[in-house]
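Lettering follows sequence order; numbering is per chain, from 1.
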Amino acid sequence: MYAVELDRVTKSFEANTPVVNHVSVKVEPGEFFVLVGPSGCGKSTLLRMIAGLESISNGSIYIDHQQANFLPPSKRNLSMVFQNYALYPHLSVEDNITFGLDVQKIKKYERKKRCSETADLLGLTDYLKRKPRHLSGGQRQRVALARAIASQTPICLMDEPLSNLDAKLRAYMRSEIRKLQRKLQMTMIYVTHDQIEAMTMGDRMMVINEGEIQQIGNPIDVYNAPSNTFVAHFIGSPPMNITPGLVQDQHIVIGNQLQIPIHMFKEDIQKQTSVLMGIRPEFISHQNVQEIGAQSLMVTIDHVEILGTETLLSFEWNETTWHAKWYGQWNVKVGDQVPVYFDHTAWCVFDQNTKSLLQGPSKKNDQQMKVGTV
Amino acid sequence: MKPEVEMKLQNKTSAPKWQFIYWRRAILYLWPSILLFSVFLFYPLLKTFYLSFFLTDQQGMANVFVGLENYQYIIQSESFHKSIRATLIFVLLTVPTSVIISLFLALIANEKLKGIGFFRTLFASTMGISVAASAVVWLFIFHPSMGLFNQLINTLGGSEIEWLLDPQWALLSISITTIWMNIGFTFLILLGGLQNIDEHLYESARINGAGYFYQLRRITLPMLSPTLFFVITVSLINAFQTFGQVDILTQGGPSESTNLIVYSIYREAFVNYQFGTASAQSIFLFLCILIVTILQFRFGERKVHYQ
Ligand SMILES: Nc1ncnc2c1ncn2[C@@H]1O[C@H](COP(=O)(O)OP(=O)(O)O)[C@@H](O)[C@H]1O
Ligand SMILES: [Mg+2]
């Protein structure tokens with residue numbers, strides 16, 4: 001198992017417009033590490049620099065503690081799965097899987113063995129003689145995985161490997177890939193723009209935007225305490241609700257209606273005049289009309305989605321579109337006046353100017369964790 | 001019950017009528033090409049076939065029916081044998097060489113280098129020059145005393161070569177000219193084929209440690225095979241039909257060493273006014289190209305990988 005370490009890695013295609021800017025992170029041996037961010041933020045570029053397909057403008061990459069800046073891709077002990085799979089259309093599935101082994105002049109017997117093992121592992125045994133164009137999208141994806149696995153490299157890089165699959169297959173492959181990684185104990189660096197993949201697959205994730213690291217951490221921490229408003233928006237669906245709040249003597253006031261006691265927050269927040277307040281949709285819940293108080297208000301629902309296990313509501317208030325997630329199937333209609341309660345322990349506070357997190361939810365994860373701890 | 005029966009009857013009677021209408025409509029769309037093909041292709045082909053069984057007068061009118069005599073005559077003719085031999089040598093000299101040189105140039109021009117656009121344009125530029133113009137340029141290059149080649153040989157201390165006047169060299173000179181003229185088109189098509197190959201295939205191979213020539217052998221050439229096949233087919237047919245450069249550079253001489261088959265046909269018809277034997281030669285050429293092309297599709301296409 002190999003570690004991959006990036007030290008202030010920077011890449012500019014054109015002078016003074018870095019696509020990847022000062023990225024430093026250490027991926028532990030055997031870790032499933034997810035790089036997540038919106039399209040065009042430099043994820044692929046970063047991954048390609050690790051693979052050695054793209055040169056590094058500045059900084060260093062260490063693979064297994066050796067500096068790898070100038071190592072050719074083949075000397076970096078890694079395999080890569082491309083978004084479009086990059087299968088050789090003129091070769092059969094078998095030849096595709098063993099292509100890398102042919103290059104390395106591995107003995108025919110060993111090649112056969114590894115090919116049949118990986119084909120077995122991924123359920124491709126019946127398709128070995130076929131050409132890629134006679135396979136379905138999901139099967140092609142498996143061939144690409146098989147090709148990476150057959151090379152038995154300690155590090156595996158994947159660039160949005162599931163983005164061409166339909167939703168159901170994607171969900172299935174998420175867990176398959178995770179299981180494979182655990183079984184083979186590879187160090188995995190996995191690029192995706194899909195926050196669900198990042199949340200569900202990674203040991204840790206790194207959120208990037210415009211070439212800069214936004215946050216590194218395990219998925220639950222990133223979800224609960226996003227380090228800035230970008231991460232708060234990007235991770236979680238629907239995204240975190242963020243709205244301006246005014247700091248007054250005793251309270252933080254939102255839209256002249258909600259009042260959150262100031263003593264819940266750190267002193268430096270108390271010194272501010274205005275902040276950005278964020279709350280996850282699941283902490284906005286239904287309330288009885290009689291109990292409306294400082295943490296609740298009446299809103300007019302303007303969109304409803306019932307998903308079976310939960311109901312998604314949205315409404316306009318305080319010049320913000322709010323999303324709420326209620327457990328169960330609620331009989332709410334568009335236009336209904338509904339009283340909602342904002343859990344005052346669930347608020348995140350962000351700086352008005354820097355947009356970075358000043359304080360995470362005071363609720364902490366304790367209560368949630370209790371629910372989730374068996 | 002009754003309406004159903006009626007419907008069925010109607011359907012039965014109306015089917016041919018509809019077919020007729022579709023057919024009429026199809027003809028409507030097709031007639032411009034049918035007209036053009038008829039005037040410039042089908043009619044001349046049939047007329048040639050017809051004439052090849054006749055002796056003709058000066059105007060090319062069929063005079064005396066002679067059956068297969070024209071064919072017998074050309075098969076026995078020494079000059080026609082020479083022409084066929086020259087054509088075959090010419091095809092073997094030009095087609096592989098053009099394709100290999102163009103492939104080489106295309107591979108170079110496909111690299112991502114600064115200023116590569118200039119070279120791409122340069123390599124493709126012979127496509128934009130007419131046969132006549134380039135033949136005249138080469139006439140100067142081959143000139144016995146002032147030509148570029150002989151001056152080069154002079155400065156290197158060799159003895160001059162009569163490029164276009166020596167039977168040993170004339171066919172080679174024509175071939176060089178033809179290769180040069182072919183390169184533009186062949187290069188451009190091959191470059192297009194190369195650029196269609198997914199860059200990620202090479203990246204994946206690089207991660208596996210495949211070197212340049214390994215990638216060339218296992219990725220580039222197989223992926224390029226449909227394009228290569230097309231280019232070879234077209235070049236072969238073109239080589240069999242070469243005329244312009246022969247007419248301008250050597251007029252078939254010296255001592256018939258460059259009398260390629262199309263030029264031979266031309267001379268037979270418009271210099272000797274033997275339209276009958278010229279037609280027989282044309283039919284012979286037509287059958288040759290047909291057979292070569294069929295063979296090529298039969299055996300060549302098996303090795304071709306289509307996406
Ligand atoms: N070869 C290149 N030349 C110039 N700009 C590039 C090149 N490759 C990527 N870029 C730019 O770098 C940015 C990041 O691209 P990429 O890493 O592919 O993003 P992502 O994979 O996160 O969607 C984009 O703005 C893209 O236009
Ligand atoms: Mg990308």
Trainee: Is any side-chain heavy atom of Ile219(B) less than 4.5 Å from a side-chain heavy atom of Phe99(A)?
Mentor: yes
Trainee: Rounded at 0.5 Å granularity, tell me how far CE in Met80(A) sits from CG in Asn208(B).
Mentor: 12.0 Å
Trainee: Kindly give the heavy-atom pair with the smallest separation between Arg206(B) and Gly52(A), and that separation in Å.
Mentor: NH2-O, 3.6 Å
Trainee: Counting only heavy atoms from other residues, nucleotides and ligands, does the tally under 6.0 Å from CZ of Phe13(A) exceed 12?
Mentor: yes
Trainee: Tell me, for Asn84(A) versus chain B, whether the close heavy atoms (under 4.5 Å) come from the side chain, the backbone, both or neither.
Mentor: side chain
Trainee: Taking everything shown except Tyr172(A) itself, do over 12 heavy atoms lie less than 6.0 Å from its OH?
Mentor: no
Trainee: Give me the atom names and distance for the closest heavy-atom approach of Arg218(B) to His90(A).
Mentor: O-NE2, 2.7 Å
Trainee: Only pairs of heavy atoms separated by less than 4.5 Å count here; which of Thr153(A), Leu101(A), Asp102(A), Leu91(A) has the most with chain B?
Mentor: Asp102(A)
Trainee: Checking heavy atoms, do the side chain of Ser79(A), its backbone, both or neither come under 4.5 Å from chain B?
Mentor: backbone
Trainee: Would you mind checking which part of Leu78(A) comes under 4.5 Å of any heavy atom in chain B, side chain (CB onward), backbone (N, CA, C, O), both or neither?
Mentor: both
Trainee: What distance separates Tyr88(A) OH from His200(B) NE2, expressed to the nearest 0.5 Å?
Mentor: 12.0 Å
Trainee: Should we count CZ of Phe119(B) as having more than 12 external heavy atoms under 6.0 Å?
Mentor: no
Trainee: State the CG-CD1 distance between Leu157(A) and Ile207(B), to the nearest 0.5 angstrom.
Mentor: 7.0 Å
Trainee: Would you name the heavy atoms of Gly209(B) and Ser74(A) that are closest together and state the gap between them?
Mentor: CA-CB, 3.2 Å
Trainee: Taking side chain as everything from C-beta outward and backbone as N, CA, C, O, which of these in Arg76(A) sits under 4.5 Å from a heavy atom of chain B? Side chain, backbone, both or neither.
Mentor: neither
